[in-house]
Amino acid sequence: MKHLILRNFQSPGDVLMLTAAVRDLHRAHPGRYRTDVRTSCPELWMHNPHITPLGEGDRRVQTLDCHYPLIHQSGREPVHFLHGFMEYLNEQLGTRIRSTAIRGDLHLSRAETSRPSLMRRLTGVQMPYWIVVAGGKYDFTIKWWHFKRFQALIDHFRGRIQFVQVGEKGHYHPPLEGVIPLEGKTRLRDLILLVRHASGVLCPVTFLMHLAAALEPPRSQPSPRPCVVVAGGREPPHWEAYPHHQFLHTVGALSCCATTGCWRSRTVALGLGDEKDQPEALCLDVIKGLPRCMDMITPADVIRRIEYYFENGQARYLTAAERRRAAPHVRRSQRELLRQHLA
Amino acid sequence: MSLPNKQSPHWHHRLFPTCDGRAARKLPRNEKMRSIKLAFLEAYFRINREVARLRTLRQAATTAQTKSRERRLLQGIEKAILAREALDQKYAARGVVAVATYREAMTVDVAFNVPRLPDPQWGVVSSSTSVRLSFPLPPRMRRP
């Protein structure tokens, strides 16, 4: 039996893709490998049956830094992000890993699956809610949609869909109104459980879309979980999208992403002096602070895709009682606060 | 709205919000995005000032004149909010987030999130094998 330590210190989305590769390594070669990992997100590996504690000092152990060079072929070949690490392991180990599921591999403990959702603990009832991510890291600002557009669709669904805003502290997450604000308040494991109980997810191309795909909803909820991704033209859709997600992209509609994603980093330079501020990493077509590919996607487009899920029972709107339960936890606008205090 | 590059004429005012929990006048000159932060603080101050004026007016006796003044002040509040929203919009692409803390509808502090490079991750403790074990404590050791 071979002993492997797989290393990767990229973002949570990348590490989640590695979980799929480890799952499929064991499925392709049962009993041939003992695997452990060193990654930036240990929480993504908790309760994972494919992980065996191994020490780097052990002479039997091979340590492998994991990459996904397949991404460089994603403009020419029909490959998904999930294939990235599998292909790399196949090259490095001589294995024949094939993808067995279109999702990452997350495991929950019995205590976690039986724990009531955060929303239930907050409001006292189990109610449907959607998670919204309205920004992201500062390294790929080109992925951001404008917060005013997120706000427009949250206003559109006000009283019918309860959105919960999440996001990592220190990243760009403009506070939306009418949402339950949980930005910077969830650790990774809390976020996993929050997504598990969510009726839907609305986000740009980010970790949350991979998390939405990786987590089976509880049995009481429709499966698979709805997810609407505002993607634009940065990534080739076949590399990123999941079949049951609504993935709004513009590849093929603009010269800057005519045949594949542009893979650029930022909309405008942020003055950070890193390579992502260099001209070759910046968007070629900016309109009022938004990449044209993101500007082309309107709130009405996204609203319609969210409504798809409600038309045939994949999701349901709030009841009046649920709306009342959520109301005290919702972030109100400055106008609403003033109206109340000046009345 | 022009940026108060050097100083705001109002930052000694009691209604001027603090910046990330500190007095705005103590913002170091080399503070990152200082002028943008001051522009936001000034915008929130202007809303506060209009609200305070309205409250003062309402405490006075009501006359026909005060009704029309009240209307003007309400319009002033809306105008000040729109100016603040314009700042939110203007600096969105640059990744600036200003989150206000309100007390009785007045902004008392503005917390900023501005672009920064990610922290290097190589130093983190990253073993997947650091599994968290949980087990019940004996009853006498549990917190009430």
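Residues of residues 50-59 of chain B lying under 4.5 angstrom from chain A, judged on non-hydrogen atoms, are B:V51, B:L54, B:R55, B:R58 in numerical order. Within residues 102-109 of chain B, the residues having any heavy atom less than 4.5 Å from a heavy atom of chain A are, in residue-number order, B:Y102, B:E104, B:A105, B:T107.
In terms of modelled atom types and a separation under 3.5 Å, the side chain of A:Q151 and the main chain of A:E177 share a donor-acceptor contact. For the pair A:Q165 (side chain) and A:P174 (backbone), a donor-acceptor distance under 3.5 Å is present. Side chain of A:S265 to main chain of A:K276: no donor-acceptor pair is present (N/O by atom type, distance under 3.5 Å, no hydrogens or angles).
Ring centroid separation for the pair A:W144 and A:Y138 comes in under the 6.0 Å cut-off.
With A:F140 as the aromatic partner, A:R234 meets the cation-pi criteria of under 6.0 angstrom to the ring centre and within 45 degrees of the ring axis.
Contact of the A:R38 side chain with the A:F9 side chain is registered, since non-hydrogen atoms from C-beta on lie closer than 4.5 Å.
Proximity to chain A (any heavy atom under 4.5 Å) is shown, for B:F112, by neither the backbone nor the side chain. Contacts of A:H171 with chain B are made by backbone atoms alone, with heavy-atom separations under 4.5 Å and no side-chain atom involved. There is no contact between A:L290 and chain B, counting heavy-atom distances below 4.5 Å.
For the residue pair A:K143 and A:T206, no side-chain donor N or O sits within less than 3.5 Å of a side-chain acceptor on the partner.
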